[in-house]
Amino acid sequence: MNGQNKTRTRQERIESLGIPKPKFVQWWIDSDKADWAVRIAIGVFAAVALLVVCRAWEPRFAFRSGTIPMRSVIARVDFEVEDEIDSEAQRLKKVRELPVFYHNRLASLQQLRARLKNRLLVILHAASLQEMGTEQSSAFAEFADSVPVTPESAGDGEPSASDKFNAIKAVLGGDKELEKLDTAFRTLTTDEFKNGLLQSLKHAPEQGSQREIRVYTTDPSDAVHVKVDDVQIALMQPKIDKMLAEEFRRLFGGEVDVDQARLVAKMISKWIDAHLPEYVTLTYDDEASEKARAEIAASVPPVMKKFHAGKSELADAGEPLEPDELRLLRQEHVQWTKYRGTTDRIARTLAYAGMIAALYLLCGSYIVFVDDRSLVLDRVKLSKLLLLFVCTIGISFWVASDQYRSELAPLVVASIITAIVYGRDLALLLMSAACISVTLFLNEDLRHLVMLTAATTSATLLSGRIRSHSHLLFVGAVSAAVTILTVVGVGIVAGETMTVSVGVGSDLQAAPPTATPFLDVLKVLIQEGLRAGAFIVVSAAALTPVLPLIEKVFGVQTDLSLLSLSDASHPLLRRLAQRAPGTYNHSINVASIAEAAADSIGANGLLVRVGAYFHDIGKMFKPEYFIENQSGVNQHDSLQPAMSTLVIIAHVKDGADLARNHHLPQPIIDLIMQHHGTTLVEYFFNEAAKRSEDNPNEKQVSDKDFRYPGPKPQTLEAAVMMLADTVESASRTLVDPTPARIQNLVDRIAQKKMADGQFDECGLTFRQLNLVRKSLVKSLTAIYHARVKYPSQQPA
């Protein structure tokens, strides 16, 4: 034996005294630190997501169209804003001076040349003026400007038709192919028509210059600048006359009479001028011109208007904000945001993080110490709760822009969902926290917070029990009315109908307050209230079709779905009535008395009633082993008490399996699992104990082998069902069910359940237990009320 004692540490010596540790220290020692770490990580992730979604590091622009500032808004920083009117005027000026593009297609002039030759050849084929045919006369008239042509048509001082005809024959008759005419026309085309022909400009003055254009043949990049006067057909006649006169003198000089050559040149010139409008070669290129206009407009620097910090007034007090003022305020906000450094951004983010931490602490403490702490202790429930509010606040933040201004819609939807899932008490606290968060993230004032709180609070309080499809529409309508009145009332109380007039010099203090036109301001407030009310009504009404999805996600039931489950035609209830009619009748009776008992303590009576319909469906597998379905033969007579207990207890698990297979909601499954708790199957336990006493060789019986597996009732509804199920079954054994005996039976069963610890986990108070007992006694007394015995029933 080693005589040397092991040295104990100081901590071990202190612990050996048995002094209890502080509660927090003991809690920390006993807690599952890994589980806590996961839940804290979930909360931190939700907070970070909220900070990122709502861009906590950057202040939000708070002004909206129609907002009435309480005082004049002065610039906080120096900034510049483009003067759009002057900038647009400068751009328009540049565009007006811009030569636009025209595409030159000279090929059409070849058609004009061919037509000219054809008409002249027709004339040349005529032997004389008198022998001209119809076609020849028509062709000659185009040149001689006389239809029909006769020798007597000549006037004083002008060449006669005969002179003109003879001149054409003399000048062009020796050139059978009119090659010299082709040469003259090509020279005309090359020198005078090379930049194209245009009847009139096809672009407006706002689209480009009216004095100069850019002409190209194949690609706009090769365009040349051309004056409009050089290509306009109306101004071509003198140029054509001069060019053809010179060409005819050069080509025909010495061969023909000079006067005749000049006359023919003039006739051809006049003919070309008359037909040129039919052969316009320039077409407006809108695509290339638009590109050029865009480039020149972009190159014009904007005209900037300067505003100075502390001096420039951006908006007047007491006047609704107009779009131009909003543009100024937004530009000033952007510039002010740029001046903020990294330190300010970090500080702002940390401030918002502190706000979220404070709300976490407030709501979490209420949930843990007052409400259902499983919302914090269960990871899935905690994740769903945080996800709901991160989405709500995030969506509210992004739809609150001036374009939509619908931050009320997600908040009202969340308030109704929260009231349905978590109850109205917790919903009021959670939605208040959400409204505070949205108001601070949006950089709004107290009036906005009051409006959000009025809408969400009214929607939460009115949600209640949803028994009809029109209930949420009613909730939305009433909540909208409350919100409209709140917006108008708070707007008046906050002083939006009053502003201070501007004085001059020393008269400023003496200037009396001037009331802004009340009706104008009231109109703005009513419009804002109606907009908010419309969002509330629409969001509440739109929530009705998605109620089944909400119930599925959060594992809750509304009265609408419970009412559909209470239909006696449900397959499970029909099968129960066929296979176990006694159990079915028992379930109907339990449902009747349990609903009234649950309603008496404020629990969900409809949930208890529907749960009672299904609580014993597991007995369908072996209905003959339960006394209410037996008809003289007891199947347990041939079984050992332990085996009988297993058969009896199995109906709970079988019932839960049946419910899951038929997709019953989780609250109903919980009632099936909990309605017996961990109670003792007394009859078979006593029978086993008696047999053990009679047979010394058998081991002592333990009550653990004769108890239901549980769990114990976790809700008030499960506790009420346990009592109702037990007293309904026990009341059938009363020989003479007088009110006193029923009272005694209910009190005895309630005391036994409480002493057995069955109500330890459901939060049932003594006051509530007393109300449940009274309700059960009243209901059972009504069922077993005394009946008048008729003479035929009297004993002989």
Side-chain angles (χ1 to χ4, degrees), residues 59-73 315-322 325-326 329 355 359 392-393 396-397 399-402 404-416 427-463 475-500 513-540:
R60 183 179 175 85
F61 181 68
F63 293 102
R64 296 179 176 182
S65 59
T67 300
I68 303 177
M70 297 295 296
R71 54 186 58 87
S72 297
V73 183
D316 295 328
E319 297 292 335
L321 294 178
E322 299 293 337
E325 294 172 325
L326 275 176
L329 291 169
M355 176 202 72
L359 294 177
T392 299
I393 297 173
S396 298
F397 178 84
V399 299
S401 63
D402 196 38
Y404 302 105
R405 304 176 69 172
S406 56
E407 64 271 19
L408 265 179
L411 286 171
V412 169
V413 169
S415 65
I416 296 174
L428 288 173
L429 175 63
L430 295 176
M431 292 313 303
S432 297
C435 291
I436 293 173
S437 301
V438 170
T439 302
L440 292 178
F441 278 124
L442 293 178
N443 195 24
E444 291 286 355
D445 54 15
L446 181 61
R447 293 173 297 167
H448 198 76
L449 175 62
V450 173
M451 178 190 70
L452 298 182
T453 306
T456 55
T457 301
S458 57
T460 300
L461 293 176
L462 291 168
S463 294
V475 171
V478 177
S479 180
V482 171
T483 304
I484 293 172
L485 295 176
T486 302
V487 170
V488 175
V490 172
I492 295 175
V493 171
E496 284 196 351
T497 57
M498 186 70 71
T499 184
V500 178
T514 304
T516 302
F518 179 79
L519 293 180
D520 292 344
V521 177
L522 186 62
K523 179 181 178 181
V524 173
L525 294 174
I526 291 177
Q527 288 176 346
E528 183 178 351
L530 290 175
R531 181 190 298 108
F535 281 122
I536 294 173
V537 173
V538 171
S539 57

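The structure presented is a predicted model; accordingly, all values stated were derived computationally and were not measured.
- The side-chain contact (heavy atoms from CB on, under 4.5 Å) search around Val537 returns Leu473, Ala480, not counting sequence neighbours.
- Taking the side-chain contact (heavy atoms from CB on, under 4.5 Å) definition, one finds that Leu530 meets it with Ile484, Ile526, sequence neighbours left out.
- For the atom pair OG1 (Thr453) and CG (Leu411), the distance works out to 9.5 Å, reported to the nearest 0.5 Å.
- Closest approach of Val475 to Leu462, counting heavy atoms only: CG2-O, 3.4 Å.
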What donor-acceptor contacts under 3.5 angstrom involve side-chain atoms of residues 437-445, with partners at least two apart or in another chain?
{"unit_1": "Ser437", "atom_1": "OG", "unit_2": "Ala433", "atom_2": "O", "d": "2.9"}
{"unit_1": "Thr439", "atom_1": "OG1", "unit_2": "Cys435", "atom_2": "O", "d": "2.8"}
{"unit_1": "Asp445", "atom_1": "OD1", "unit_2": "Arg447", "atom_2": "N", "d": "3.4"}
{"unit_1": "Asp445", "atom_1": "OD1", "unit_2": "His448", "atom_2": "N", "d": "3.2"}
{"unit_1": "Asp445", "atom_1": "OD2", "unit_2": "Arg447", "atom_2": "NE", "d": "3.0"}
{"unit_1": "Asp445", "atom_1": "OD2", "unit_2": "Arg447", "atom_2": "NH2", "d": "2.7"}

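- Every residue meeting the ring pair (Phe, Tyr, Trp, His ring centres under 6.0 Å) condition with Phe61, not counting sequence neighbours, appears here in chain and number order: Phe63, His333.
- Between Ser415 and Thr460, the shortest heavy-atom contact is CB-OG1, 3.4 Å.
- With contacts defined as side-chain heavy-atom distances shorter than 4.5 Å, the pair Leu461/Leu428 qualifies.
- Between Met451 and Val490 there is no side-chain heavy-atom pair separated by less than 4.5 Å.
- Atom CD1 of Ile436 is separated from atom CG of Leu359 by 6.0 Å, given to the nearest 0.5 angstrom.
- Without hydrogens or angle criteria, Thr457 side chain to Ala454 main chain gives no donor-acceptor distance under 3.5 Å.
- Across Gly529 and Val487, no two heavy atoms sit closer than the pair N-CG1, 3.9 Å.
- In this structure, CD1 in Ile536 is found 9.0 Å from OG1 in Thr456, a value given to the nearest 0.5 Å.
- Considering every non-hydrogen atom in both Pro410 and Thr392, the closest pair reads O-CG2, 3.6 Å.
- Contacts of Ser479 classified as side chain to side chain donor-acceptor pair (under 3.5 Å), with partners at least two apart in sequence or in another chain: Ser458.
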